[in-house]
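Here the structure comes first, spelled out in structure tokens, and everything after it is commentary.
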Amino acid sequence: EGARNIANGLWRLGVGHGDSVALMLPSDRTYFITFMGVLLAGGVPVPIYPPVRPSQLESHLRRHARILDNAQTKRLITVAQGKLVSGILSGHVPTLEGAVTPEELLDAPLDGALAAAFNPVPEDTALIQYTSGSTGDPKGVVLSHGQLLANIRAMGEGIGIDDEDVFVSWLPLYHDMGLIGAWLGSGLCFGAHLVLMSPVTFLRRPVSWLHAMDRYRGTLSAAPNFAYEMAVHRVRDEELGPVDLTPWRMAFNGAEPVSASAIEAFCERFS
């Protein structure tokens, strides 16, 4: 229902089939319904990461102007503070018709005359995923619905996932590991229970990841290599406490170079 309301708000703003809509939002419930609302409206979500601090918003948007221009972004959906400074993009992103918050889209009057939810075919673009830009200009990868589903089905077969699994994740939803692996794959397509934490929570207290695995009886989780190293070196025995990780049947490591020594140290420390 929330996603349909988001779609209704986007239709009222003229967003339609194939229009790129950038999402600069934190990892929370609103992100889920906004992403799906863009798809229901026929738009193409373009996830970009939000700044860590509100004081960085203006410089953050300037750095992302190239991505927004490259994706020919029509609308930016962001938090209220982001909307306030979005005017700086006007001269850099000619296709951009303005910024809007999820709350504004949800509050748009419902109109029964608006088009029905968009029904894609496999060749339609599902989203544009950009690289981080850490080693050069960010590069966009166009992913179709058919490609996404093929990838998700292959992952599910390899993992043997089902609706009895519990996927615990602190991975950000603007990154393909969290967006596709944790949410679209595990939570949405296979019906596993998804426990989502804020990435900031993990970075500030790495032990929170292990506590969540214990509390929710997590069977699956994923992280880049650095997270396993952080857990080994920054989690103290006294803060860890008596956690039970025995339900954890599969851990995934990717998105950056994988270190065998990091994996071995993690297994030795927490076995």
Side-chain angles (χ1 to χ4, degrees), residues 22-28 31-32 35 45-52 60 63-64 67 71 126-144 147-159 161 165-190 192 194-206 208-210 212-213 218-235 248-267 270:
L23 276 63
M24 192 178 76
L25 297 166
S27 296
D28 59 15
Y31 196 103
F32 295 130
F35 188 96
V46 181
I48 59 176
Y49 64 90
V52 176
H60 186 80
R63 287 198 303 273
H64 280 76
I67 288 178
L127 69 109
I128 304 176
Q129 176 71 57
Y130 278 84
T131 59
S132 64
S134 55
T135 58
D137 289 337
K139 298 172 180 64
V141 179
V142 177
L143 298 173
S144 71
Q147 289 169 332
L148 268 182
L149 286 172
N151 183 226
I152 288 169
R153 287 167 181 151
M155 287 193 295
E157 183 176 341
I159 298 167
I161 192 171
D165 276 304
V166 178
F167 197 117
V168 176
S169 175
W170 54 265
L171 299 168
L173 294 171
Y174 52 78
H175 188 281
D176 50 348
M177 200 178 200
L179 177 67
I180 300 170
W183 176 36
L184 296 180
S186 306
L188 192 69
C189 289
F190 295 106
L194 175 63
V195 178
L196 187 70
M197 299 165 49
S198 165
V200 177
T201 300
F202 166 74
L203 293 174
R204 288 176 177 165
R205 292 188 69 246
S208 61
W209 178 26
L210 303 177
M213 290 297 293
T219 62
L220 303 169
S221 196
N225 192 81
F226 81 86
Y228 294 96
E229 293 182 321
M230 283 181 65
V232 170
H233 299 297
R234 286 184 49 189
V235 173
W248 195 352
R249 67 178 184 84
M250 195 172 288
F252 311 101
N253 185 332
E256 64 182 30
V258 175
S259 163
S261 61
I263 297 300
E264 290 164 358
F266 183 87
C267 292
F270 299 110

Residues forming a salt bridge (charged side-chain N to carboxylate O under 4.0 Å, His left out) with R153, sequence neighbours excluded: none

Show every donor-acceptor pair shorter than 3.5 Å between a side-chain atom in residues 224-235 and any protein atom, with sequence neighbours excluded, or say none if there are none.
residue	atom	partner	partner atom	Å
N225	OD1	N253	ND2	3.0
N225	OD1	S259	N	2.9
Y228	OH	F252	O	2.6
R234	NH2	L203	O	3.2

Closest heavy-atom contact between [X] and [Y]?
X    : Y    : result
Y31  : P47  : OH-CB, 3.3 Å
A126 : P45  : O-CD, 3.0 Å
S169 : A182 : OG-CB, 3.8 Å
A223 : W170 : CB-CZ2, 3.8 Å

[X] [atom1] to [Y] [atom2] distance, which is reported to the nearest 0.5 Å:
X    : Y    : atom1 : atom2 : answer
L188 : L194 : CG    : CG    : 10.0 Å
S186 : I161 : OG    : CD1   : 3.5 Å
L149 : C189 : CG    : SG    : 5.5 Å
L220 : R249 : CG    : CZ    : 4.5 Å

Any side-chain heavy-atom pair of [X] and [Y] under 4.5 Å:
X    : Y    : result
L184 : I152 : yes
I48  : I67  : yes
S198 : P26  : no
I159 : M250 : yes

Less than 6.0 Å separating the ring centroids of F35 and W183? yes

side-chain contact (heavy atoms from CB on, under 4.5 Å) evaluation trace for L148 with L127: CA-CA 9 Å; L148 268 182; L127 69 109; 3.6 Å; yes

Intermediate values then yes/no, side-chain contact (heavy atoms from CB on, under 4.5 Å), V166 and V195: CA-CA 7 Å; V166 178; V195 178; 4.1 Å; yes

Can you name the residues that form a side chain to side chain donor-acceptor pair (under 3.5 Å) with S208, not counting sequence neighbours? none

Can you name the residues that form a side chain to side chain donor-acceptor pair (under 3.5 Å) with W209, not counting sequence neighbours? S221

Side chains of residues 173-180: which donor-acceptor partners sit under 3.5 Å, not counting sequence neighbours?
residue	atom	partner	partner atom	Å
H175	ND1	M177	N	3.0

Ring geometry between F266 and W248 (parallel below 30°, tilted from 30 to 60°, perpendicular above 60°): perpendicular

I'd like to check the side-chain contact (heavy atoms from CB on, under 4.5 Å) partners of Q147; sequence neighbours left out, ordered by chain and number. L143, S144

